Structures are given as C-alpha cells and as structure tokens.
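Since the model is a prediction, treat every value here as computed from it, not as a measurement. Numbers for residues simply follow the sequence, beginning at 1.
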Amino acid sequence: MDSQTQNTSLQRLQNVENRIVKVLELAGGVMDELANPSGPRKEYINNHCREFMQLIKDIQVALRDEIKSACDYRPFEKCDYSSRIANEICCKKLEYVMSQLDRMKETIDEYHNAV
C-alpha cells in the first residue's frame, strides 16, 4: 500500500468517524426531544431517525469498502515469514524426537546393564 493510498484510506476512515459522531449527535437529539416536557415533536423525531438510518447505512458501506481494501493489502506477501516459522517448528519437532530417542537409548542401556 503506497503512501497515497494509505492517506486516502485514512481520510475515508476519518470521514466515517465524523459520520459516527453525527449519528451520536442525532441519537442525543432524539433523546432530548423525547425528554421534552411539552412532548416530542413527531416531525423532528422522524427526520432525525431517517437521517440516523441513512448515516448508519453509509457507515456500513464505507467500513465494508475499507475492510475489503485492507484485505487486498498483503504486506508480507513476498516475505519468507511463513517458511521461516515452519522451519523453526520442524526444528523444535526434531529436537523433541531426538530427546525421545536419547531417553530410549538410556532405557535400553539401563536394561542391558541390569541383565
């Protein structure tokens, strides 16, 4: 992921963050309206709820797109990390097998010495 792509991705995520703040403000406005002593204004609540739902849908789409583009980014694609880890695991397995063989040899030696 080059610097340009990374910057635009961060900008899109910042826009999502701004939408989330707006969603919270809308929810707070509806809560304030519901707590209004003279009763809630139906049109006010309807407008806020409509805008809330639209922003939620926009946020979902934007986050899906960002997740999808992040999945396309594979920074370790040309790295030998998995090969190196697999090699280290094999070495540990071999060390374990060698220790078991040493124990078997000791057991055999003990048996021969006892006879």
**Prompt:** L13 versus E66: any side-chain heavy-atom pair under 4.5 Å?
**Reply:** yes

**Prompt:** What ring-ring contact (aromatic ring centres under 6.0 Å, His included) pairs are there with at least one residue in residues 9-66, not counting sequence neighbours?
**Reply:** Y44-H48

**Item:** Verdict with reasoning, Q14 to L10, per side-chain contact (heavy atoms from CB on, under 4.5 Å)
**Value:** CA-CA 6 Å; Q14 187 171 15; L10 290 174; over 6 Å; no

Sequence neighbours excluded and cut-off under 3.5 Å, please list the side-chain donor-acceptor pairs for residues 19-36, or say none.
| residue | atom | partner | partner atom | Å |
| --- | --- | --- | --- | --- |
| E33 | OE1 | R41 | NH2 | 3.0 |
| E33 | OE2 | R41 | N | 2.7 |
| E33 | OE2 | R41 | NE | 3.0 |
| N36 | OD1 | S38 | N | 3.2 |
| N36 | OD1 | S38 | OG | 3.2 |

**L94: side chain to side chain contact (heavy atoms under 4.5 Å, CB included) partners, not counting sequence neighbours** = none

**Item:** Evaluation steps, side-chain contact (heavy atoms from CB on, under 4.5 Å), between I89 and K92
**Value:** CA-CA 5 Å; I89 291 170; K92 293 295 181 187; 5.7 Å; no

**Message:** Connecting only ILVMFWY residues whose side-chain heavy atoms lie within less than 4.5 Å of each other, what is the rest of Y96's hydrophobic cluster?
**Reply:** none

**Prompt:** Tracing side-chain links under 4.5 Å among I, L, V, M, F, W and Y, which residues wind up in one group with V97?
**Reply:** L101, M104

**Asked** How would you list, by chain and number, every residue that makes a side-chain hydrogen bond (donor to acceptor under 3.5 Å, both in side chains) with Q54, sequence neighbours excluded?
**Response** D58

**Counterpart residues, side-chain hydrogen bond (donor to acceptor under 3.5 Å, both in side chains), relative to N15 (two or more places apart)** = none

**Request:** Please answer: with hydrophobic residues joined when any side-chain heavy atoms are less than 4.5 Å apart, are V61 and L55 in the same cluster?
**Result:** no

**Prompt:** Tell me the salt bridge (Lys or Arg N to Asp or Glu O under 4.0 Å) pairs involving residues 105-115, sequence neighbours left out?
**Reply:** K105-D109

**Item:** Spacing of CD belonging to E17 relative to CD1 belonging to I59, to within rounding of 0.5 Å
**Value:** 11.0 Å

